[in-house]
Amino acid sequence: MTPIATIEKLADFAGQQVTLRGWLHHKSSKGKLHFVQLRDGTGYVQCVAFQGDVPPELFEALGHAGQESSLILTGVVKAEPRAPGGFEIGVKGGRVLQKVEGFPITPKEHGPDFLLQNRHLWLRSKRQWAILRIRDAVITAIRRFYDEQGFVCVDSPIFTPAACEGTSTLFEVDYFDDAKAYLTQSGQLYAEATAMAFGKVYCFGPTFRAEKSKTRRHLTEFWMLEPEIAYATLDDVMQHAEDLLCYVVKSVLERRRTELAVLERDVGKLEAIVPPFPRLSYDEAHAILEEAAPGQHRHGDDLGAPDETILSNKFDKPVMIHRYPHEVKAFYMKRDPEDPRKALCVDVLGPEGVGEIIGGSQREEDLDTLLARIREHGLPEEAFGWYLDLRRFGSVPHGGFGLGLERTVGWICGLEHVREASPFPRMMYRIYP
Ligand code: 4AD
Ligand code: MG
């Protein structure tokens, strides 16, 4: 019996005959030879079918098979130093399961709208294959990191009764009996509850923002990783963000070299992601901006995309900006006891102008102060009863952050737009397919 192999594991079968099951990625024919680029999801390999070596029906069928025809091929795994994966297949037999003609996405250039409209098929392109396999490696690295560090994964709900990150970007849904629910903007408030039960926790799931922005950094549905740590201070939170990002990048460099090469990613830029990361206070960041672009950033305002670009371009590593004015940050952030005009928060800006990839803080742990903040922000007090209980029963200092998965993958892959980092991106003007 010929073993069934996958392209990524061909080295284990060098010199042997194997069966590969996949799709025709590309084909060229020359007289008595068909050169079939086969893809099986794990990789790409050239399969050479010589007329004299294969049954005539197969040779004929391969001649008519277009891009994305489904195929099963049996052949010998031969070392081929010039081939990308180091091997090629000398075809002996097999069959075409479905002959395809007219696959819409061809090697020629297509516009982004056409590709997004055909996302279900575009996923089969080599570049998309590489990006989504890197996304997978990022997710795996995150889960391994937390498991190794003794964190417990406790997920937050998606239907929620109230806002976490401001009321302007909430998606409202009809719940039963005329009640309203909202799709979660962040699992943080629930992660705070689970941190008080389990100590070190994380949640990792989809989050939703009705962002009316059409920038290359915004999706309306994206995945967020949110660690939350009992007894952590802002410094602990920053250290933790640095440890996590270094671990994730290192793991991708170990496991996804082929995919990074497909993307022509400059891996030198990723190899430079080692501790320590620069840490700047908001005031220091403002001073740098004043110097670089006088008048662009008003002290007291949040950082805009052009400000973030200037700051991140100054460093070859992620840069941490901490202690923003509390007015531009969320209600739950603790104020800095050294300067109460500031929040004990941090934004991590990715390098190469990718913008904010992480936002986090130390949380307000005092009951009365937190209640006052909820009132100041005009939030519905009733909905936060349970959250305030966390400050009534064994309140402790704690903190955490949210990491945007698609922005992180976009940075690691060197993407122009976050939409390619999501299998089926959801944006203001796109919910199909
Ligand atoms: O800075 P944000 O809004 O922080 C929170 O939601 C906190 N509650 C997280 C926490 O402390 N547990 O969002 C966190 C990250 C951002 O840094 C960004 O990477 C990503 O989520 N993000 C988006 N990614 C894609 N599209 C959007 N519309 C995003 N909004 C935020
Ligand atoms: Mg933020």
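Note that these values count all heavy atoms, side chains included, but never hydrogens, waters or copies made by symmetry. All of these numbers come straight from a predicted model, not from anything done at the bench. The first residue of the sequence shown is numbered 1, and numbering continues consecutively from there. Numbering of ligands and ligand atoms starts at 1, following listing order.
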Peer 1: State whether Tyr387 and Arg391 meet the cation-pi test: NZ (Lys) or CZ (Arg) under 6.0 Å from the six-membered ring centroid, and within 45° of the perpendicular axis.
Peer 2: yes
Peer 1: Please write down residue, atom name and distance for the protein heavy atom closest to atom 18 (C) of ligand 1.
Peer 2: Arg407 NH1, 3.6 Å
Peer 1: Applying ring pair (Phe, Tyr, Trp, His ring centres under 6.0 Å) between Phe159 and each of Tyr175, Phe208, Phe176, report the one that passes.
Peer 2: Tyr175
Peer 1: Run the numbers for me: atoms of ligand 1, each under 4.0 Å from some heavy atom of Tyr332, listed by number.
Peer 2: 7 (C), 8 (N)
Peer 1: Which is it for Ile358 and ligand 1 at heavy atoms under 4.0 Å: side chain, backbone, both or neither?
Peer 2: backbone
Peer 1: Using ring centroids (six-membered ring only for Trp), state whether Tyr332 and His377 fall under 6.0 Å.
Peer 2: no
Peer 1: For atom 26 (N) of ligand 1, what is the nearest protein heavy atom, given as residue, atom name and distance?
Peer 2: Leu219 N, 3.0 Å
Peer 1: Looking at atom 15 (C) of ligand 1, what's its closest protein heavy atom, distance included?
Peer 2: Gly402 O, 3.7 Å
Peer 1: Taking the six-membered ring of Tyr324 (Phe, Tyr or Trp), confirm whether the NZ or CZ of Lys329 is under 6.0 Å from its centre and within 45° of its axis.
Peer 2: yes
Peer 1: Please confirm whether Val418 comes under 4.0 Å of ligand 1, counting heavy atoms of the residue only.
Peer 2: no
Peer 1: Looking at Tyr202, Phe204, Phe198, which hits ring pair (Phe, Tyr, Trp, His ring centres under 6.0 Å) with Tyr146?
Peer 2: Tyr202
Peer 1: Among all the protein's non-hydrogen atoms, which is closest to atom 17 (O) of ligand 1, and how far away is it?
Peer 2: Glu356 OE2, 2.6 Å
Peer 1: Could you tell me whether Arg95 atom CZ has more than 12 heavy atoms of other residues or ligands within 6.0 Å of it?
Peer 2: no
Peer 1: Of the backbone atoms (N, CA, C, O) and the side-chain heavy atoms from C-beta on, which set of Tyr202 has a member under 4.0 Å from an atom of ligand 1: side chain, backbone, both, or neither?
Peer 2: neither
Peer 1: Examine ligand 1 and decide if any of its atoms is less than 4.0 Å from a heavy atom belonging to Arg426.
Peer 2: no
Peer 1: For atom 12 (N) of ligand 1, what is the closest protein heavy atom, and at what distance to 0.1 Å?
Peer 2: Glu226 OE1, 2.7 Å
Peer 1: Counting only heavy atoms from other residues, nucleotides and ligands, does the tally under 6.0 Å from NE2 of His110 exceed 12?
Peer 2: yes
Peer 1: How close does the nearest protein non-hydrogen atom get to atom 31 (C) of ligand 1, and which residue and atom is it?
Peer 2: Phe222 CZ, 3.5 Å
Peer 1: Verify the ring-centre separation between Trp129 and Tyr44: is it less than 6.0 angstrom?
Peer 2: yes
Peer 1: Which residue owns the protein heavy atom closest to atom 6 (O) of ligand 1, what's the atom, and how far is it?
Peer 2: Arg209 NH2, 2.8 Å
Peer 1: I need the minimum non-hydrogen distance between Glu8 and Arg133, along with the two atoms involved.
Peer 2: OE1-NH2, 3.1 Å
Peer 1: Looking only at distances, please establish whether an N/O atom of ligand 1 is found under 3.5 Å from an N/O atom of Gln185.
Peer 2: no
Peer 1: Taking both backbone and side-chain atoms into account, decide whether Glu356 has an N/O/S atom under 2.8 Å from the Mg ion (ligand 2).
Peer 2: yes
Peer 1: So is there a nitrogen or oxygen of Ile357 less than 3.5 Å from a nitrogen or oxygen in ligand 1?
Peer 2: yes
Peer 1: Provide, to 0.1 Å, the distance between atom 25 (C) of ligand 1 and the closest protein heavy atom, together with that atom's residue and name.
Peer 2: Arg217 O, 3.5 Å
Peer 1: Ring centroid separation for His240 and Phe145, is it under 6.0 angstrom?
Peer 2: yes
Peer 1: For Trp386 and Tyr190, I'd like to know if the aromatic rings sit close, meaning centre-to-centre distance below 6.0 Å.
Peer 2: yes
Peer 1: Would you check the N or O atoms of Glu211, main chain and side chain alike, for any that come under 3.5 Å of an N or O of ligand 1?
Peer 2: yes
Peer 1: Using 0.5 Å steps for rounding, measure from the CD1 atom of Ile7 to the CG atom of Leu38.
Peer 2: 4.5 Å
Peer 1: So, is Gly404 polar-close to ligand 1, with some N/O to N/O distance under 3.5 Å?
Peer 2: yes
Peer 1: Would you say Ser186 and ligand 1 have an N/O pair spaced under 3.5 Å apart?
Peer 2: yes
Peer 1: Decide if the gap between the ring center of Phe171 and the ring center of Tyr182 is smaller than 6.0 angstrom.
Peer 2: no
Peer 1: At a 4.0 Å cut-off, with the gap strictly under it, does some heavy atom of His218 reach an atom of ligand 1?
Peer 2: yes
Peer 1: Mind checking whether Arg363 contacts ligand 1 via backbone (N, CA, C, O), side chain (CB onward), both or neither, at a 4.0 Å heavy-atom cut-off?
Peer 2: side chain
